[in-house]
Amino acid sequence: MSVVKSPLSEQDRKTVGDALQGALVDLVDLSLVAKQVHWTVVGPRFRSVHLQLDEVVASARIHADTVAERSSALGVAPDGRAETVAKTSGIDAVGDGWNKDTGAVQILVNALGAVITRMRERIQVTGDPDPVTQDILIGLTGDLEKHHWMFQAENA
(Lines give C-alpha, C1' and ligand atoms only; values in the text may rest on other atoms or scores of the structure.)
Protein backbone atom coordinates (compact mmCIF):
# COMPACT_ATOMS: atom_id res chain seq x y z
CA MET A 1 0.00 0.00 0.00
CA SER A 2 1.17 3.48 -0.82
CA VAL A 3 -0.21 6.56 0.88
CA VAL A 4 1.42 8.82 -1.70
CA LYS A 5 0.06 8.82 -5.25
CA SER A 6 2.91 8.45 -7.72
CA PRO A 7 2.94 10.26 -11.06
CA LEU A 8 4.55 7.12 -12.52
CA SER A 9 2.85 4.02 -13.85
CA GLU A 10 2.97 0.99 -11.55
CA GLN A 11 5.71 -0.66 -13.64
CA ASP A 12 7.80 2.52 -13.81
CA ARG A 13 7.28 3.09 -10.09
CA LYS A 14 8.62 -0.42 -9.40
CA THR A 15 11.67 0.07 -11.66
CA VAL A 16 12.50 3.47 -10.21
CA GLY A 17 11.66 2.39 -6.65
CA ASP A 18 14.03 -0.57 -6.90
CA ALA A 19 16.80 1.69 -8.22
CA LEU A 20 16.27 4.21 -5.44
CA GLN A 21 16.16 1.48 -2.78
CA GLY A 22 19.42 0.01 -4.03
CA ALA A 23 21.01 3.46 -4.08
CA LEU A 24 19.82 4.15 -0.54
CA VAL A 25 21.27 0.92 0.80
CA ASP A 26 24.62 1.47 -0.89
CA LEU A 27 24.84 5.07 0.36
CA VAL A 28 23.96 4.12 3.94
CA ASP A 29 26.54 1.34 3.88
CA LEU A 30 29.15 3.61 2.28
CA SER A 31 28.68 6.10 5.12
CA LEU A 32 29.07 3.31 7.70
CA VAL A 33 32.14 1.81 6.03
CA ALA A 34 33.82 5.22 5.71
CA LYS A 35 33.07 6.05 9.35
CA GLN A 36 34.41 2.69 10.57
CA VAL A 37 37.62 3.20 8.61
CA HIS A 38 37.75 6.82 9.87
CA TRP A 39 37.78 5.53 13.44
CA THR A 40 40.44 2.88 12.81
CA VAL A 41 42.91 4.46 10.38
CA VAL A 42 46.54 4.69 11.51
CA GLY A 43 49.78 5.63 9.85
CA PRO A 44 51.83 8.58 8.68
CA ARG A 45 48.94 10.02 6.64
CA PHE A 46 46.44 9.54 9.45
CA ARG A 47 45.18 13.12 9.62
CA SER A 48 44.62 13.70 5.91
CA VAL A 49 42.96 10.31 5.37
CA HIS A 50 40.92 10.70 8.56
CA LEU A 51 39.53 14.04 7.38
CA GLN A 52 38.96 12.81 3.82
CA LEU A 53 36.91 9.90 5.15
CA ASP A 54 34.59 12.30 6.95
CA GLU A 55 33.99 14.09 3.64
CA VAL A 56 32.77 10.81 2.14
CA VAL A 57 30.56 10.17 5.18
CA ALA A 58 28.96 13.61 4.85
CA SER A 59 28.38 13.20 1.10
CA ALA A 60 26.91 9.73 1.47
CA ARG A 61 24.54 10.85 4.22
CA ILE A 62 23.31 13.89 2.27
CA HIS A 63 22.77 11.82 -0.87
CA ALA A 64 21.04 9.04 1.10
CA ASP A 65 18.54 11.56 2.44
CA THR A 66 17.89 12.94 -1.05
CA VAL A 67 17.39 9.44 -2.46
CA ALA A 68 15.08 8.40 0.40
CA GLU A 69 12.98 11.54 0.03
CA ARG A 70 12.70 11.01 -3.74
CA SER A 71 11.52 7.48 -3.07
CA SER A 72 8.89 8.77 -0.64
CA ALA A 73 7.77 11.39 -3.15
CA LEU A 74 7.10 8.59 -5.63
CA GLY A 75 5.07 6.59 -3.11
CA VAL A 76 7.77 4.02 -2.35
CA ALA A 77 8.66 3.64 1.33
CA PRO A 78 12.46 3.79 1.67
CA ASP A 79 14.13 1.10 3.80
CA GLY A 80 17.42 2.07 5.41
CA ARG A 81 17.21 -0.39 8.30
CA ALA A 82 20.42 -2.10 9.38
CA GLU A 83 19.07 -5.53 8.45
CA THR A 84 18.18 -4.38 4.94
CA VAL A 85 21.54 -2.68 4.44
CA ALA A 86 23.43 -5.75 5.65
CA LYS A 87 21.51 -8.06 3.30
CA THR A 88 21.54 -5.99 0.13
CA SER A 89 24.58 -3.70 0.04
CA GLY A 90 27.09 -4.14 -2.76
CA ILE A 91 30.04 -3.08 -0.58
CA ASP A 92 32.46 -5.59 0.93
CA ALA A 93 32.51 -5.78 4.72
CA VAL A 94 35.32 -4.05 6.60
CA GLY A 95 37.40 -6.22 8.89
CA ASP A 96 37.86 -5.45 12.54
CA GLY A 97 40.94 -3.84 14.04
CA TRP A 98 43.18 -1.05 12.82
CA ASN A 99 43.62 -0.04 9.19
CA LYS A 100 46.97 1.21 7.95
CA ASP A 101 46.48 4.42 5.98
CA THR A 102 47.29 2.81 2.61
CA GLY A 103 44.89 -0.05 3.37
CA ALA A 104 42.21 2.38 4.51
CA VAL A 105 42.51 4.23 1.23
CA GLN A 106 42.19 0.98 -0.72
CA ILE A 107 39.08 0.01 1.23
CA LEU A 108 37.47 3.29 0.14
CA VAL A 109 38.65 2.94 -3.46
CA ASN A 110 37.00 -0.50 -3.58
CA ALA A 111 33.82 0.60 -1.80
CA LEU A 112 33.38 3.68 -3.96
CA GLY A 113 34.09 1.67 -7.10
CA ALA A 114 31.41 -0.87 -6.20
CA VAL A 115 28.83 1.82 -5.46
CA ILE A 116 29.65 3.78 -8.62
CA THR A 117 29.26 0.68 -10.78
CA ARG A 118 25.84 0.00 -9.31
CA MET A 119 24.83 3.68 -9.56
CA ARG A 120 25.70 3.75 -13.25
CA GLU A 121 23.42 0.74 -13.78
CA ARG A 122 20.65 2.59 -11.95
CA ILE A 123 21.21 5.66 -14.10
CA GLN A 124 20.59 3.52 -17.19
CA VAL A 125 17.36 1.93 -15.96
CA THR A 126 15.79 5.16 -14.68
CA GLY A 127 16.33 7.29 -17.82
CA ASP A 128 13.08 6.47 -19.61
CA PRO A 129 10.71 5.93 -16.68
CA ASP A 130 11.85 8.91 -14.57
CA PRO A 131 14.41 11.46 -15.77
CA VAL A 132 14.06 13.34 -12.46
CA THR A 133 15.37 10.34 -10.51
CA GLN A 134 17.99 9.76 -13.19
CA ASP A 135 19.19 13.34 -12.72
CA ILE A 136 19.53 12.81 -8.96
CA LEU A 137 21.51 9.62 -9.54
CA ILE A 138 23.75 11.32 -12.11
CA GLY A 139 24.55 14.14 -9.70
CA LEU A 140 25.37 11.92 -6.77
CA THR A 141 27.43 9.57 -8.94
CA GLY A 142 29.51 12.52 -10.11
CA ASP A 143 30.19 13.39 -6.48
CA LEU A 144 31.14 9.79 -5.65
CA GLU A 145 33.44 9.66 -8.67
CA LYS A 146 35.24 12.74 -7.39
CA HIS A 147 35.83 11.03 -4.03
CA HIS A 148 36.94 7.88 -5.89
CA TRP A 149 39.48 9.85 -7.90
CA MET A 150 40.84 11.58 -4.80
CA PHE A 151 41.27 8.32 -2.90
CA GLN A 152 42.95 6.67 -5.88
CA ALA A 153 45.41 9.58 -5.99
CA GLU A 154 46.27 8.93 -2.33
CA ASN A 155 47.93 5.61 -3.19
CA ALA A 156 49.30 6.50 -6.63
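Keep in mind it's a predicted model, so treat the numbers as computed, not measured. Any value given below was found using the heavy atoms of this structure, including those in side chains, with hydrogens, waters and symmetry copies removed.
- Of the possible donor and acceptor atoms, none in the side chain of Ser59 sits under 3.5 Å from a partner among the backbone N and O of Val56.
- Taken to the nearest 0.5 Å, the CG atom of Leu24 stands 9.0 Å off from the OG1 atom of Thr88.
- Looking at Arg122 and Asp26, a side-chain N of the basic residue comes within less than 4.0 Å of a carboxylate O on the acidic one, giving a salt bridge.
- Salt-bridge annotation for Lys14 and Asp18: present, with a side-chain N of the basic residue lying under 4.0 Å from a carboxylate O of the acidic one.
- A distance-only check finds no donor-acceptor pair linking the side chain of Ser71 to the backbone of Val67 [under 3.5 Å].
- Side-chain contact between Arg70 and Leu74: present, with at least one pair of heavy atoms (C-beta onward) separated by less than 4.5 Å.
- Ion pairing between Arg120 and Glu145 holds under the 4.0 Å rule for side-chain N and carboxylate O.
- Rounding to the nearest 0.5 angstrom, the gap separating the CG atom in Asn110 from the CD1 atom in Ile91 is 10.5 Å.
- Judged by distance alone, with hydrogens and angles left aside, the side-chain atoms of His148 form a donor-acceptor pair with the main-chain N or O of Val109 at under 3.5 Å.
- Partners of Arg45 according to the salt bridge (Lys or Arg N to Asp or Glu O under 4.0 Å) rule, which considers only residues two or more places apart in sequence or in another chain, are Asp101, Glu154.
- Neither side chain, Asp130 nor Gln134, offers a donor N or O lying under 3.5 Å from an acceptor on the other.
- Side chain of Thr84 to main chain of Gly80: no donor-acceptor pair is present (N/O by atom type, distance under 3.5 Å, no hydrogens or angles).
- No continuous path of ILVMFWY side-chain contacts below 4.5 Å connects Leu53 to Trp39, so the two sit in separate hydrophobic clusters.
- Taking 4.5 Å as the limit, every side-chain heavy atom of Asp29 sits out of range of all side-chain heavy atoms of Val115.
- Hydrophobic clustering, with ILVMFWY side chains joined whenever heavy atoms are under 4.5 angstrom apart, keeps Val42 apart from Val94.
- Here Glu10 pairs with Arg13 in a salt bridge; the nearest charged N to carboxylate O distance falls below 4.0 Å.
- Judged by distance alone, the side chain of Asn155 and the main-chain N or O of Thr102 form a donor-acceptor pair under 3.5 Å.
- Side chain of Thr141 to backbone of Leu137: a donor-acceptor contact under 3.5 angstrom is found.
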